[in-house]
There are 2 protein chains.
Amino acid sequence: MRPKLNDVAREAGVSPTTVSRVINNHGYLSEKTKNKVFQAMKKLNYQPNSIARSLHGKQTNLIGVLFSSVSNPFFGELVEKIENKLFKSGYKTILCNSADNKEKERVYLNMLIANQVDGIIAGAHNLGIKEYEKVGLPIISFDRYLSSTIPIVSSDNYLGGVLATQELYQSGARKIYLFASSHTPNSPTDKRRTGYLETMEKLQLEAHEKVIASTMASSVKALMIKQILSTEQIEGIFCTDDLTALIVLQQAKELGIRVPQDLKVIGYDGTQFIQNYHPELTTIAQPINDMAELLVELLLKRVTDEQSELKEHYVLPIKLIRNQSSSQFM
Amino acid sequence: MRPKLNDVAREAGVSPTTVSRVINNHGYLSEKTKNKVFQAMKKLNYQPNSIARSLHGKQTNLIGVLFSSVSNPFFGELVEKIENKLFKSGYKTILCNSADNKEKERVYLNMLIANQVDGIIAGAHNLGIKEYEKVGLPIISFDRYLSSTIPIVSSDNYLGGVLATQELYQSGARKIYLFASSHTPNSPTDKRRTGYLETMEKLQLEAHEKVIASTMASSVKALMIKQILSTEQIEGIFCTDDLTALIVLQQAKELGIRVPQDLKVIGYDGTQFIQNYHPELTTIAQPINDMAELLVELLLKRVTDEQSELKEHYVLPIKLIRNQSSSQFM
DNA sequence: TCCCATATGTCAATCGTGCGTCATAAATTT
DNA sequence: AAATTTATGACGCACGATTGACATATGGGA
């Protein structure tokens, strides 16, 4: 049986009250007693039962972190950063991978409530606004509108779309396609798309959109992309995520389409992983670390003070990382 | 304020005891009352406070999942599978990224104890055996020996080393190098190494080892590998992880070393990610899904019944995925 | 009619800790 | 010597739900 506060008191030869005082550094305490208690705690390997403490109206220091999947490097890196920053502030992360499953997301939301988490960082958004509003807990959303009371953190998706398109144009491409991973209004991808469309219009070029659904198996994506590449004359492709861009590079190679000579490709996300292991890929890098930091900071602000006034939308700058896959070829 | 059991009772017009009985399906209950209570729960959006329930000696249904990092695709995929399987069994995952930091791992362990988790899946092992034994909770270890009472789940690292080496040999390589990500006895990498060394001896070939520390920044790794590739005559490389193998491929390309004509490369791990996005890489695939399943199954067995007899070591089979990077060239 | 299974309510203890109140005693200041 | 400050103990309530004991009521079957 795990030792309790009373066991520590007995071991240290003091009253339970004193032990509690030592733990919470509350009231008058002599160094001598403190030491006695600390030693007893160490000897018994005592850890205050945070369940009991939480029940007493205190915080649980648990934060629900809800994303669709951590096996995607982008979310993996983001979640890792979030977890790190939460840890530094003394909070624990309950990981929730909704796998784009509405039902799972709903069950998770209820679980989190039942577990009395202090707040939620939500990056998986298959549920309606209502369900999130019903939660009644501090929530910060990553990259999607949930409700007017839930602040959003995102990077500048629109500018990303603009820059990506301009980059392809400037490196010589004219027939520029958009490979979008989905097509839902209110989704970040959509603003990247808007950036693309408006820029194409300004450039007086015809827009071409292909939806490469993120739910498809990657082999299916590959097939689909191969099909497109082999039938259409394309000079530049803006993929709304890096992984799709990788498949494009792969398929282009198989078809003997040279990158960047015949085809220029630009991705989106710019994870550390992509930068390290695919330094050839031009991409729009989201500030993963800053986003994680802001998400945590805003959430903890709300957790500490429910009334704290937050903006509705925080947009962080993106950065074009220019590499060989989009370089001008002479 | 979140509704309590008493509020539900009032709303349903029954006693608190009855509500509790309905929730726990305990004692005699009429359908009529059950329905009244369920409706009241729904109306108030009531979630039983699991903190309070846990305090009552019940399980917390929280499991600590301790790995070094989820941004590494291998761990990302493994953790995601684990989280999924835990969820299916009604358990919640507390994610702990120790970042190979001893102190963080220790703090995490204490946090998990304080939070009364029902058990721990440990895949980060920077601490001594003692600290893990002291925990006094069901623990299952991934891939490393912690103590005789803590079962280990791993894949067949030794056989992986053997197969990898044989594959390189059979495809024609004679000067076969090992690029190991670390060199600690008791670590899985070490058995891969043993497999390599023994196979090389059987083949009467000279072994060559290089340590490409996993702690190094990938740019440093790249530099180091470039250096090695450009100074030594190598025909085959067995990398103890796929990411290192990717760097090898990358650097070989830069140096004009053709793969597989001049150099054959084989990696290790075989994540879905690698299979999808680097189908050219031959690799030893660990059964990520089966490992996750077994880890969870064993842990829950221990959680449910402390006394359940488990083996000390569970070794799951690996699989050679043969691709172009190691193919015989004629 | 009596009994028993079914259905619900009342009451109180319990889980481990936090914390306020009161009491007491020693140490320190005035 | 009196008044404070410092240090500790004892006690009890609270947190929200669980659970057992006990009481009571209804209905159906023997």
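Quick caveat, the model's predicted, so the values are computed rather than measured. Letters A, B, ... are given to chains in the order of the sequence lines, protein chains preceding strands, and every chain is numbered from 1.
Spacing between atom CG of L5(B) and atom P of dG16(D) amounts to 11 Å, rounded to whole angstrom units. Remark: P of dT6(C) and NE2 of H26(B) are 15 Å apart, rounded to the nearest angstrom. When rounded to the nearest whole Å, the span between CG of N6(A) and C1' of dT14(C) equals 14 Å. Taking atom NZ of residue K32(B) and atom C1' of nucleotide dA7(C), one finds them 10 Å apart after rounding to whole Å. Straight-line distance from the CZ atom of R10(A) to the C1' atom of dA10(D): 17 Å, rounded to whole Å. Straight-line distance from the CD1 atom of I23(B) to the P atom of dT18(D): 5 Å, rounded to whole Å. Following rounding to the nearest Å, K36(B) (NZ) and dA7(C) (C1') show an atom-to-atom distance of 11 Å. As rounded to whole Å, 12 Å separates atom P of dT19(D) from atom CG of N25(B).
Under a 4.0 Å N-O distance rule, the pair R106(A)/E103(A) qualifies as a salt bridge. Comment: D7(B) does not engage K4(B) in a salt bridge, judged by the lack of any side-chain N to carboxylate O separation of less than 4.0 angstrom.
For R21(B), counting side-chain heavy atoms from C-beta on, the closest listed nucleotide (dA14(D), dA17(D), dG9(C)) is dG9(C). Checked against dG9(D), dA17(D), dG18(C), the side chain of V14(A) finds its nearest nucleotide in dG9(D). Comparing dA17(D), dG9(D), dA7(C) by their nearest atom to the side chain of S30(B) picks out dA7(C). Side-chain proximity of T17(B) to dC11(C), dG16(C), dC11(D): nearest is dC11(C). Here the side chain of K58(B) is nearest to one of dT8(C), dA10(D), dT18(D), namely dT18(D). Listed nucleotides: dC15(D), dC19(C), dA17(D). Nearest to the side chain of L55(A): dC15(D). Taking only side-chain atoms of N49(A), from C-beta outward, the nucleotide of dT10(C), dG9(D), dG16(C) with the closest atom is dG16(C). For S20(A), the listed nucleotide lying nearest its side chain is dC19(C); candidates were dG16(D), dG9(D), dC19(C).
Distance check: L95(A) CG to I63(A) CD1 gives 13.5 Å after rounding to the nearest 0.5 Å.
Relative orientation of the F75(A) and F67(A) rings is tilted, given thresholds of 30° and 60° on the angle between their planes.
Where Y46(A) and K34(B) meet DNA chain C, the nucleotide closest to each residue was compared, and K34(B) sits on the side nearer the 5' end.
For dA17(D), neither phosphate oxygen OP1 nor OP2 lies less than 4.0 angstrom from any side-chain nitrogen or oxygen of R53(B). In terms of phosphate contacts, Y28(A) brings no side-chain nitrogen or oxygen within less than 4.0 Å of OP1 or OP2 of dA7(D).
In this structure, L29(B) reaches the sugar-phosphate backbone alone: every heavy-atom distance under 4.0 Å involves primed, P, OP1 or OP2 atoms, never a base.
The environment of K104(A) atom NZ is dense: over 12 non-hydrogen atoms of other residues, nucleotides or ligands sit within 6.0 angstrom.
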